[in-house]
2 protein chains.
Amino acid sequence: MLQVCQTGRMATRTSRTQRRAEALSRERIIDAAVELLDSAGDGGLTFRALTERLATGPGAIYWHVANKGELLEAATDGVITAALAAKPAEPADSPQDQIRAIALGLFDAIDRHPWLAPQLATQFSRKPWGPVTPRIFESIGRKVRELGVPKENWFTATSGLVHYILGAAGQNAANAASVRRLRTEAERAEFVDAVSKAWEELDPEEYPFTRAVADQAREHDDREQFLAGIDLVLAGITAVQLR
Amino acid sequence: MLQVCQTGRMATRTSRTQRRAEALSRERIIDAAVELLDSAGDGGLTFRALTERLATGPGAIYWHVANKGELLEAATDGVITAALAAKPAEPADSPQDQIRAIALGLFDAIDRHPWLAPQLATQFSRKPWGPVTPRIFESIGRKVRELGVPKENWFTATSGLVHYILGAAGQNAANAASVRRLRTEAERAEFVDAVSKAWEELDPEEYPFTRAVADQAREHDDREQFLAGIDLVLAGITAVQLR
DNA sequence: ACCTGAACACCGTTCAAGT
DNA sequence: ACCTGAACACCGTTCAAGT
């Protein structure tokens with residue numbers, strides 16, 4: 001904690017006046033916010049921590065950014081935009097494969113930035129007119145159109161995919177990130193078992209299904225499982241189309 | 001704001017000592033928390049507001065509840081449990097219809113308590129070993145089993161449904177709740193158009209698909225659209241099964 | 001135009017003290 | 001065992017003042 005703050009301060013302090021005249025900008029602030037969120041988690045983004053890292057006062061930040069909500073929004077938007085801009089594997093791929101590629105890109109982004117999961121949920125439900133929702137919707141929707149889905153099903157098919165992707169990526173990736181953070185092999189194995197163990201210890205009368213499925217939850221590979229879900233929704237889109 | 005606090009205080013103040021000796025309990029605290037969240041939104045749950053409404057000090061609350069996180073968890077769990085306990089329409093219904101009924105129950109719960117949406121996302125991604133995740137998973141999973149899905153697909157099928165339900169319900173219901181809160185017919189119509197209008201005003205070069213779909217987003221009925229998505233995932237489950 | 005930093009109102013949580 | 005309420009550390013935000 002202390003270490004992080006000190007390094008940040010030293011890194012931006014080398015020469016005082018000159019470097020700062022051009023240093024502080026909306027972009028620099030957003031970058032620092034993302035770094036803070038990545039290293040210290042959801043509660044790590046603080047105006048105190050931000051001012052320390054950028055070697056300014058809160059007033060300076062408020063000159064470039066309206067408030068904390070806008071900052072969080074901009075951080076989310078930046079990371080998602082970068083994730084969506086990553087090149088698709090092959091332009092000649094089938095639309096299905098391109099959808100899988102976009103989905104995996106979002107999966108990995110949430111994996112690297114676990115704070116994205118609740119943030120995306122908030123923005124999707126509270127601010128669908130913000131920049132993030134249309135960006136994701138558009139990139140998936142284009143591929144849905146290429147799939148040959150009839151126009152009246154575009155909206156349903158696209159939001160089905162988007163909801164699944166964000167929901168599943170959020171759940172799986174946050175788990176994976178927690179696992180990765182653990183040091184020893186033993187710690188890691190312990191955590192991987194934790195969820196399915198907790199599920200196996202549920203009341204057999206109340207939770208027969210969840211218990212029966214607990215071993216599947218343990219053995220599955222996160223990415224593989226995620227893609228299986230994508231294929232499920234894709235199959236549904238095709239099936240509904242044929243009716 | 002002032003109004004809310006004062007009413008709350010007066011309501012719990014009628015007779016002072018006697019009523020309180022048995023009044024304060026974990027359950028009463030959780031109920032008060034839900035009321036606060038419902039009436040004042042996500043930021044409305046405060047230990048200050050809670051103490052005022054319950055006519056106690058913060059220490060008394062901390063005797064029954066570990067911290068704010070636990071309180072939020074308990075509030076979420078209570079509301080979700082109630083939503084899942086609602087009777088299914090007809091026991092003779094097909095598994096598909098029963099899944100639709102459960103899904104609509106969750107949809108309506110999120111509709112009545114919009115703060116559930118980000119809260120569920122957080123609990124699904126951060127605390128899948130908590131009580132809420134297995135509860136939802138179990139009730140959907142049982143019906144998936146009744147659908148005749150082979151065991152190796154149980155996990156994929158169930159999490160596909162659950163992710164879609166929570167994602168779509170969160171988005172649609174929060175919007176609907178905002179709409180309902182508006183007073184005049186004009187205000188309401190304005191809000192309903194707001195999202196699709198914002199989407200129609202997007203850059204035609206960057207957002208051709210989203211723009212093309214904006215009118216569908218405006219005209220759709222929320223519940224109908226939600227059920228169409230459920231059917232999409234159900235169709236996928238059936239289709240994958242047949243392969 | 002851009003930045004400083006003290007100050008404000010408010011938050012979750014603790015804890016010695018009471019009953 | 002259960003409750004009180006003052007106190008603590010910390011938060012987002014403002015604003016008069018500087019350059």
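Chain A is the first sequence line, chain B the second, and so forth, proteins listed ahead of strands; every chain is numbered from 1. All values derive from a computational prediction rather than experimental measurement.
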May I have the distance from [X] (atom [atom1]) to [N] (atom [atom2]), rounded to whole angstrom?
| X | N | atom1 | atom2 | value |
| --- | --- | --- | --- | --- |
| A:Tyr62 | C:dG5 | OH | P | 17 Å |
| A:Phe47 | C:dC3 | CZ | P | 15 Å |
| B:Asp42 | C:dC11 | CG | P | 14 Å |
| A:Glu52 | C:dT4 | CD | C1' | 16 Å |
| A:Lys68 | D:dC10 | NZ | P | 15 Å |
| A:Leu24 | C:dG5 | CG | C1' | 15 Å |
| A:Leu71 | D:dT13 | CG | C1' | 14 Å |

According to a strict under-4.0 Å criterion, is [X] in side-chain N/O contact with OP1 or OP2 of [N]?
| X | N | value |
| --- | --- | --- |
| B:Trp63 | D:dC2 | yes |
| A:Thr56 | C:dC3 | no |
| A:His64 | C:dA1 | no |

Notebook entry, point to check: Do the non-hydrogen side-chain atoms of A:Ile165 and B:His163 ever get within less than 4.5 Å of each other?
Noted result: no
Notebook entry, point to check: Side chain of B:Arg48: nearest nucleotide among D:dG12, C:dT13, C:dC3?
Noted result: C:dT13
Check: For B:Phe124 and B:Phe137, what are the C-alpha separation, side-chain angles and deciding distance, and is it a ring pair (Phe, Tyr, Trp, His ring centres under 6.0 Å)?
Finding: CA-CA 11 Å; B:Phe124 254 76; B:Phe137 200 83; 8.2 Å; no
Checklist line | B:Tyr62/B:Phe47 under ring pair (Phe, Tyr, Trp, His ring centres under 6.0 Å): CA gap, chis, key distance, verdict | finding: CA-CA 10 Å; B:Tyr62 276 94; B:Phe47 274 83; 4.8 Å; yes
Margin query: Could you check whether A:Glu138 and B:Thr210, counting side-chain N and O atoms only, form a donor-acceptor pair closer than 3.5 Å?
Written below: yes
Margin query: On DNA chain D, does the nearest nucleotide to A:Leu45 precede the nearest nucleotide to A:Gly59 from the 5' side, or the other way round? Give the residue.
Written below: A:Leu45
